[in-house]
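Whatever order the structure lists ligands and atoms in, that order sets their numbers, starting from 1. Keep in mind that the numbers below use all heavy atoms, side chains included, and drop hydrogens, waters and symmetry copies.
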Amino acid sequence: MTDLNHLEHDLITQVEAAGDEAALETVRVAALGKKGSVSELLKTLGAMSPEERKERGPLINGLRDKVQTAIATKKETLAEAALDVRLAAERVDVTLPVQEGPETRGRIHPISQVIEELTAIFADMGFSVAEGPDIETDYLNFTALNFPEGHPAREMHDTFFLAPDEKGERKVLRTHTSPVQVRTMMSQKPPIRVICPGRTYRHDSDQTHTPMFHQVEGLVIDTEANIAHMKWILEEFCKAFFEVEQVKMRFRPSFFPFTEPSAEVDIQCSRKGGEIRFGEGEDWLEILGCGMVHPNVLRNCGLDPDQYQGFAWGMGIDRIAMLKYGMPDLRPFFEADVRWLNHYGFRPLDIPSLVSGLTS
Ligand code: 2NL
């Protein structure tokens, strides 16, 4: 046997003997790698005389081709064998329950849920949603809303003030979402119908108050928008939100700097054994404040009070969420405890709508 025949026999035997892909790779590197036996032979071609090269060239190249083919074939055989082993060992049990993905495992926070519910209800009555920044100017948070200078609500114990800027202006963390309605009146022409849900901040912390909480306010401005419209809208909202057919409401005279007249609104409820039900019983529960927008506020927002009038209301989202879903304590709302969220949270794919139901 020639040297080449010898080498070929050797290499093919090694290829055949390789038990797995790693062993085959070792054989490949030893033959065809940079310093492999076949590669070294190929390098000798350069130094040969033309006649010698004519004779040896096809033999050496032929050897390389045979080894390459053998390796490729063996590789395929090994891959098939490996797949057969897996197919024999692994079984798919189609009777096992479906693994839950994040879209079904996750939970929607009750506050987000309630905001979605409010939005669905008011959208049905033609309202759009407006948003604004959490950090506001003193003017938009207070002055435009007819708070007199030195009004107690501006004091340090209620409001978080930011450090004064170069001009000495102190920005505030908005204490209500009213500045969003002010921005809306300043930038849009009536008729206006908006709700403004969002975060609000007050320097207050106990069992029923957190320094950050959520409010939703609503605003209607038109040429003849009046208290009758306001009462109808608020009643429709309460029935839809608490999912009852009828609910009595009580409007008690009150005071806000930005409305005149102003009222606080209670809804009818029953309290039995710690459980509150709405639309029945003889008890009352305060749920929101409202009123006709003060002419000074309209003027401050660039609207002529002789041409336009309207009404507004505001309520605490955290509070109505607690009432609707029977949550006794406000503090866990903001503790990000997944156990609490698993208990009180909502399924992400159950999106509130008036057609399919606010809550399924
Ligand atoms: C409450 C009471 C209220 C408003 C908010 C408002 C906004 C503008 C003009 C006039 Cl821009 N009013 N908002 C009106 C009445 C009551 O909130 O108890 N909130 C928790």
Open item on the list: Geometry only, no angles: is Thr259 polar-contacting ligand 1 at N/O separations under 3.5 Å?
Closed with: no
Task: Single hit among Lys171, His176, Arg183 for side-chain hydrogen bond (donor to acceptor under 3.5 Å, both in side chains) with Glu136 - done: Arg183
- [ ] Assess whether atom CD of Glu131 is packed by more than 12 heavy atoms of other residues, nucleotides or ligands within 6.0 Å.
- [x] no
Open item on the list: What protein heavy atom lies closest to atom 14 (C) of ligand 1? Include the residue and the distance to one decimal.
Closed with: Phe258 CE1, 3.4 Å
Open item on the list: Need the ligand 1 atom indices (1-based, order shown) with element for anything under 4.0 Å from a heavy-atom of Gln215.
Closed with: 19 (N), 20 (C)
Task: Numbering as shown, the atoms of ligand 1 that approach Met185 to under 4.0 Å (heavy-atom distance) - done: 11 (Cl)
- [ ] Enumerate the atoms of ligand 1 whose separation from the nearest heavy atom of Gly314 is less than 4.0 angstrom.
- [x] 1 (C), 2 (C), 3 (C), 5 (C), 16 (C), 17 (O), 18 (O), 19 (N), 20 (C)
Task: Shortest protein contact, atom 5 (C) of ligand 1 (heavy atom only) - done: Glu217 OE1, 3.4 Å
Task: Shortest protein contact, atom 8 (C) of ligand 1 (heavy atom only) - done: Leu145 CD2, 3.7 Å
Open item on the list: Among Asn5, Val38, Ile12, exactly one meets side-chain contact (heavy atoms from CB on, under 4.5 Å) together with Leu63. Which residue is that?
Closed with: Val38
Task: Residue and atom name of the nearest protein heavy atom (relative to atom 6 (C) of ligand 1), distance in Å to one decimal - done: Ala312 CB, 3.4 Å
Task: Close-contact set for ligand 1 against Cys290 heavy atoms, below 4.0 Å - done: 15 (C), 16 (C)
Task: Non-hydrogen atoms of Lys239 and Gln246 that approach each other most closely - done: CD-CA, 4.0 Å
Task: Pi-cation contact, Phe251 with Lys231 (under 6.0 Å, within 45°) - done: yes
Open item on the list: I want to know whether Tyr325 and Phe346 have ring centres closer than 6.0 Å.
Closed with: yes
Task: N-O pairing of Asp337 and Arg339 below 4.0 Å - done: yes
